[in-house]
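To start, the structure itself, in structure tokens.
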Amino acid sequence: MQMKKAIQNHCTELNSIQEFNPQAVMGKFTRVEMCRACHSSTLHHFLSFGLMPKPNGFLTKQNLNKPERYFPLNVDFCSTCGMVQLEEVISPNELFDHYVYSSSASYPMVEHLRNLAKELVTRFSLSQKDLVLDVGSNDGTLLSVFKQLGITILGIDPAKNIAEIANAQKIPTINDFFSQVSAKKILTSHGTCKVITIVNVLAQIPDWDSLFAGVKTLLHKEGTCLIEFPYLVDTLKTFEFDTMYHEHQSMVSVHPLSIALRRHCLEIFDVKHDPIHGGSIRVFISHIGVRKICKRVDVYLDEENTIGISNPDIYSAYATKVYEIRDEMIQLLNSLIHQKKKIIGYGATAKGNVLLNFCRLNHIQISAIVDSTTFKQGLYTPGSHIPVVSESQLDKLNPDYAILTAWNFADAILKKNKQRIKKGLKFIRPYPIPTVL
Ligand code: TMP
């Protein structure tokens with residue numbers, strides 16, 4: 001199938017990127033030839049962001065003048081199953097060995113994970129003898145709630161620095177990628193799991209077959225695997241395109257996921273929507289035939305079918321809108337810069353780095369980004385080289401405008417800045433169209 005290419009005035013040439021960032025060099029990547037969910041080769045390009053640095057590749061001051069690796073960021077959809085995935089992937093070790101994201105840095109996330117753990121303990125009547133495994137357990141924020149509730153816990157996370165933090169806080173964490181191989185080791189050392197949680201991690205895992213073979217191996221015969229991820233259908237409706245980046249290799253919906261699970265004799269028995277991260281779903285999975293399938297599963301499958309998640313038209317319209325949003329953002333900021341307004345970013349997020357680099361904004365236009373994560377502070381954003389500082393610097397910075405680069409926590413951020421807003425600080429929300437709030 002030939003997809004009509006949407007506007008392509010973005011930049012894919014390294015020498016053009018070097019005008020923006022003289023340190024830019026090409027990094028290594030691999031092309032994806034087969035759909036991760038259904039294994040067909042019917043992948044079609046629909047969106048290009050050009051060359052991008054790693055979304056969480058924050059730099060120290062010393063590294064600002066060293067070569068910075070850039071990678072192509074292109075997005076495909078699969079016309080067989082409707083899976084959306086990146087065209088090129090970077091080695092997982094390059095992305096995850098050292099990590100700066102911390103679940104505990106965003107208090108709405110802490111609250112969200114606390115409620116999730118409580119819900120799972122109640123719904124599946126978990127007790128102390130039951131093991132809960134959290135895949136991509138980060139600093140142990142979710143597991144710490146299970147622990148408080150008296151449940152036996154285990155985490156697994158590939159980031160050495162983050163696993164060390166979790167272990168120091170007495171959240172037992174294996175420093176490894178979750179796979180069929182590591183699952184077999186866990187089975188030997190800990191036995192089966194009554195619950196396996198995979199929260200905001202599915203998009204980061206390139207090999208779904210190894211992932212689901214691992215879940216199949218470890219899941220208790222009456223156990224539940226809970227996967228939560230930003231929902232493709234919401235991303236398509238809200239145009240929040242900056243969640244597509246090198247760590248998020250898949251933008252997932254129920255249909256392709258159910259195909260991949262069935263290959264491993266696993267099935268979805270329930271689906272629930274949650275507003276977090278611009279719209280996510282929680283998918284409840286069991287061994288095939290163990291649980292009654294909830295009617296809600298068909299409701300999601302029907303909606304995906306009605307929207308047409310395998311239909312090229314929806315993706316070509318989406319891409320056109322993405323380029324429009326980028327152009328509007330550039331226009332809005334240019335006009336503010338022309339008026340000599342001071343602009344900062346709020347939240348040094350990976351998605352914010354996609355937006356800033358896509359719009360070719362850097363430290364000249366955006367003087368700083370505030371962020372609550374202690375280990376991001378003192379670093380510089382990848383590509384755009386904007387200093388990251390703590391929120392306590394806000395009054396000293398005294399900006400006129402703050403771009404909500406952590407738009408997913410807009411409510412919490414606006415609430416805590418009520419007084420500053422009264423005094424004249426204005427926030428810019430990028431989606432669905434850049435708007436001054
Ligand atoms: P995330 O969108 O990838 O979850 O990251 C959210 C980022 O926003 C994280 O680095 C912490 C930061 N943040 C703040 O700086 N202040 C806040 O009030 C909140 C909620 C988040």
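The analysis underlying the following values was restricted to heavy atoms, covering all of them including side chains, and did not include hydrogens, waters or symmetry mates. Every number for a ligand or one of its atoms is a count from 1 in the order of the listing.
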> Side chains of N56 and H246: donor-acceptor distance under 3.5 Å anywhere?
Replying inline: no
>> How close do E304 and P256 get, counting heavy atoms only, and between which atoms?
In response: OE1-CD, 4.5 Å
Could you pull out every donor-acceptor pair under 3.5 Å between side chains of residues 207-214 and any protein atom, sequence neighbours left out?
| from | atom 1 | to | atom 2 | distance (Å) |
| --- | --- | --- | --- | --- |
| D207 | OD1 | D209 | N | 3.0 |
| D207 | OD1 | S210 | N | 3.0 |
| W208 | NE1 | I205 | O | 3.3 |
| D209 | OD1 | R263 | NE | 3.1 |
| D209 | OD1 | R263 | NH2 | 3.2 |
| D209 | OD1 | H264 | NE2 | 2.7 |
| D209 | OD2 | H39 | NE2 | 2.7 |
| S210 | OG | Q180 | N | 3.0 |

> Side-chain donor-acceptor pair under 3.5 Å between H112 and E228, yes or no?
Replying inline: yes
>> So which atom in I90 and which in K28 form the shortest heavy-atom distance, rounded to 0.1 Å?
In response: CG2-O, 4.1 Å
>> Run D134 and T197 through side chain to side chain donor-acceptor pair (under 3.5 Å) and show every step you take.
In response: CA-CA 5 Å; D134 188 25; T197 49; 2.8 Å; yes
>> Taking non-hydrogen atoms within less than 4.0 Å of ligand 1, which protein residues qualify?
In response: Y101, S106, P108, H277, Y346, G347, T349, K351, D371, S372, T373, K376, E391, A406, N408, F409, I413, K416
